Structure formats: C-alpha cells, structure tokens
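These figures come from a predicted structure and were not determined experimentally. Each ligand, and each atom within it, is numbered from 1 in the order the structure gives.
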Amino acid sequence: MARKFFIQTFGCQMNVYDGQRIAAMLKTYGFEQTDALSDADIIILNTCAVREKATNKVFSALGRVRRAKKPDALFGIVGCVAREAGSSAFKRIPDLNFVLGPQSYHKLPEILKNPDTKLLNIDLTGLEKFDELPQMEKSPAVAYIPIQEGCNHCCTYCIVPYTRGREVSRPFEDVVRDTIHAAKTGAIEICFLGQNVNGYKYTAPSGKTYRLSDLIQEAAKLSEIQRIRFTSSYPTEMTDDLIEMFKKEPKLLPFLNMPIQSGAPNVLTRMNRPYELNLYIDIVDKLKSARPDIQISSDFIVGFPGETEEAFEQTMAIAKKIKYINSYSFKYSPRPHTAAALMKDQIPESIKAERLAKLDSLLNEIQREFNESCIGKTMLCLCEGPDKTGKHLVYRTPYMQQCIVNNDSTNEQMANIVITDANKASLRGKVVKS
Ligand code: 5AD
Ligand code: SF4
C-alpha cells in the first residue's frame, strides 16, 4: 500500500502555493495525500508567523497531531514558524522530526532517507526551491505563481523580512515557463504573487530589465488565460507602466490589493512606510483614470504602538475616502525580530479590540454598499465549484466577491452572471445563457 502524507497549510497565498509544490514533490516519491491524520506516514504543518495568533494556532495543531498520529509517523513544521522558531521548536516538542524554513522545503526528502535523525534547515538560500520542487501535474483554475521571495521594505511591525528574507525576483523566463505550464494544465486565471509584487524587477544576462507589466503582457498572450491579477502591492512601487496595464490589458482584473495599513502620517512614519497620504491618493486617482471601474482593497493594522484616538480616526477617514472593498483589518501583534515590538508606547488590548470592531464595522458597511451597487449588473465570473450543499455553485466576480448561483449542470467554468441580490459577504446571481 502506498505511503500517505497529510499537509495542513496556514497563512498567505504564498504558503498555499508552497503547500501545493510540497504535495507534488511527495507524490513523485510515491506518497498519496490523505485528509486523515491517523492514516498518514508523514505529517506536515505549513505554517504562518505573521501574527502571534497564527503562531499559536500552529503549536496547538501540533498538540492535536501528536495525539492523533500513528506512533511511527514522521511529523514536522515547514514555513515561517519553522524559520522563526528554528531549533527551539525541537526543545518545545522533542519528538518533532523536521523543521524547514520557507526556502528549504525541497530538503524534505532527506528525512525520508534518514528518519531517525532530526532535520533542521532554515537557511534563506534564495530561489533554489523553485528549481528543485516538481511542477504540479494539473493546475487549479486559479494558478498562483510566485514571482519573488522576501521583502526589502522592512515595515517595523513585520516579521516577513526575517522569515522569508531579502527580496529576490525570480528570473523572467522561469515565471513565463511556470505561467505557460499552468495555462496548459488547466489554469484560467493567473495570480502573480509576491510580498512586494509590484516591485518585481529582473535584469536578464542580456541587460534587459523586466517588470511586472512585462509578465502581465506575457500571460495575456496565452489564449487559455482569461483573467490576470497580482497581490500584494506596495503603494510607491505602482509605476506608470503598471498603471497603464489597467488601461491596455482587458484580461487584467479591475481590482487591486494595495494595503495602506494606516491613514495617520505619524503612524505610517513609525511603521517605516514613508509615503505621503496625498501620494497614495494620487496613485488611486491615476488608477481610476486608467480604469474607471477599478476597486481597491487594503489591509489595516489598528493599535500600532503610539496610535492615538485621532490617528485611528484618520484611518477611518481614509477607509471612507477610498471606499476600499474586500479589506482585512488586524489588531497590531508584536512579533519577534521586529522594531515595533520594542517600542515603548504599546496600546492596551482592550483599545485595540475596540478600534478593530469600529473599523471592521465601517469596512463591512462599505463592502455591503458596493455589493448592493452590483445588483442588476452582469459580470463575467469564474466558477470555484459547488458549495457544501452541492445545490449551488460558487463563482468569483472580477472583484473577488463570492457569487452564489443555482447548480444546474449546464453551467460553464466562466460565465456571465447577472447579479440579483447582495449582502455584506456575498452576491447571488443567475447565469446569462448565450
Ligand atoms: N500585527 C498585525 N498585523 C500584521 N500584519 C503584518 N504584520 C502584522 C503584525 N505584526 C498584517 C498587515 C499585512 C497583512 C498580511 O498582515 O496588514 O498587510
Ligand atoms: Fe504568514 Fe507572512 Fe509567512 Fe505568508 S509570508 S506565511 S503571511 S508570515
């Protein structure tokens, strides 16, 4: 009987992608994937360290794994918590077999060869893993393609530069190869990924420099690819060639994730995000002139050290002004290896919770308004599959809203859907039959 692996992924899309590549690799070693912990011969937790809550989730999941697993199953952590915890993870959980950082997944087979050793590798070696991990045989309809690793921006709250290292852009031809592979094996939508995705910059040996706009143009040439997007963008890296893409390239979705994090100038300075609010607003205006129907989403952090009530109100004001849709907001969480964790004026948990509730309620209201404004419109949507009941299909609109339609077997993977109803969380619609 084939040996089995179990993998659970936490965190961002980059981790989801890494999880898929790890699964593809284990399959080449003859393993089958299982959803049952107690059945698995190797158990991998693919972890996120961005907030303390995410890290805690990993250690409680490890407790569950230890109770449920077969006695001789190998188990370990990979990803950002592995990088952050390093060898201390073995002290905390002595029977752990491996700890591999976000750029060392391809070393996993070493534990299969030497199951009695402890495998630790948290080097930030760069791009080696992309070459060594096998491609997926079949691509999901939405293919996430990392185009860079790490981040050079060094926001003072963020652990990513520590866990994923300095920013490295992948060679242009490698990304194009992966994009073509995804298109030929089932992808309809490409989402280029990077912590600072619009900062993508690769200079080939010929001396030619490629930017994200070049990758978008290459992907758009592929007839299988109908939708293109990218995440996550840093405001000041939004160059004119990229803004121009929103005008020129209809396959590029009219939706952009460009986190502002805070609307208060002094908080942004302390976050080491040195851009003027006016500059951010100018970029949004330029994007709107390029593509009048564009919508922006953001991430927000509330309760950053030193955030006054007035500063928080400035965040509320910018959220109202830009009318962000599909946004995420978080309570500031002090992280190891970050400058903000050492700042003296930390905000009490109760105030953070209060501010988060206020901001969430505003963002939900804006989202509901936007969703309601979609009623009566027809949008070309991508099918994600049936919902839990099987009675409905879940589609994604160009703005990443979830749209529920009745499941009748004639439905296509890409369909024009007229929106009939909306609430804060999702839309309802009907397929327009051609
Ligand atoms: N505390 C709270 N939120 C954080 N993020 C990153 N680091 C922290 C932190 N220390 C949020 C940012 C980022 C998103 C991925 O996570 O908003 O955009
Ligand atoms: Fe989490 Fe950041 Fe690592 Fe992604 S890169 S898994 S968000 S800590």
Side-chain angles (χ1 to χ4, degrees), residues 9-18 46-58 79-81 83-84 102 144 146 148-165 167 191 193-199 230-238 256-264 267-268 270-273 275 280 296-307 311-312 315-316 318-319 322 324-343 345-349 351-357 359-360 362-363 400:
T9 293
F10 303 82
C12 64
Q13 286 305 337
M14 197 72 99
N15 263 18
V16 173
Y17 168 87
D18 285 332
N46 182 17
T47 64
C48 173
V50 76
R51 283 171 291 278
E52 195 183 1
K53 219 169 160 183
T55 303
N56 290 345
K57 259 193 206 163
V58 171
C80 291
V81 173
R83 159 78 187 155
E84 197 237 306
Y144 291 94
Q148 83 195 161
E149 271 280 335
C151 185
N152 278 355
H153 277 295
C154 297
C155 302
T156 51
Y157 52 79
C158 188
I159 198 173
V160 171
Y162 180 80
T163 57
R164 289 202 177 243
E167 189 174 308
C191 180
L193 287 182
Q195 255 80 38
N196 179 33
V197 73
N198 55 345
F230 53 90
T231 192
S232 210
S233 289
Y234 191 86
T236 51
E237 310 262 19
M238 210 67 215
L256 176 70
N257 174 250
M258 187 169 68
I260 192 164
Q261 309 294 358
S262 165
V267 174
L268 286 171
R270 286 166 58 103
M271 285 179 164
N272 192 28
R273 294 178 66 92
Y275 44 82
Y280 187 98
I296 317 286
S297 80
S298 181
D299 294 348
F300 295 93
I301 296 177
V302 299
F304 185 80
E307 185 189 66
F312 170 68
T315 297
M316 295 284 281
I318 197 83
I322 308 279
Y324 291 106
I325 65 159
N326 268 337
S327 292
Y328 291 95
S329 38
F330 308 102
K331 285 187 285 187
Y332 166 71
S333 164
R335 305 308 293 129
H337 319 284
T338 63
L342 304 174
M343 292 178 181
D345 35 9
Q346 300 285 327
I347 304 289
E349 210 36 49
I351 294 182
K352 286 189 209 172
E354 223 174 81
R355 291 181 185 168
L356 183 68
L359 180 60
D360 271 346
L362 172 66
L363 293 172
M400 295 303 118

Checklist entry - For ligand 1, which atoms sit closer than 4.0 Å to a heavy atom of R335? => result 10 (N)

Checklist entry - Side chain, backbone, both or neither: which part of I301 comes within less than 4.0 Å of ligand 1 when only heavy atoms are counted? => result side chain

Item to check | Matching residue for N257 among S232, S298, S233, S327 - test: side chain to side chain donor-acceptor pair (under 3.5 Å) | outcome: S232

Item to check | Interfacing atoms of ligand 1 (cut-off 4.0 Å, heavy-atom, K331) | outcome: 1 (N), 2 (C)

Next on the checklist: Quick one, Q261 and Y157 - any side-chain contact, counting heavy atoms below 4.5 Å?
Outcome noted: yes

Checklist entry - How about P336 and I159: do any of their side-chain heavy atoms sit closer than 4.5 Å? => result yes

Checklist entry - Got C191 and T231 here, is their nearest side-chain heavy-atom distance under 4.5 Å? => result yes

Checklist entry - Only one of Y328, F330, Y332, Y324 forms a ring pair (Phe, Tyr, Trp, His ring centres under 6.0 Å) with F300, so which one is it? => result Y324

Item to check | Region of Y157 that comes within reach of ligand 1 [heavy atoms, distance under 4.0 Å] | outcome: both

Item to check | Heteroatom proximity flag, Y332 to ligand 1, N/O under 3.5 Å | outcome: no

Item to check | Region of Q261 that comes within reach of ligand 1 [heavy atoms, distance under 4.0 Å] | outcome: side chain

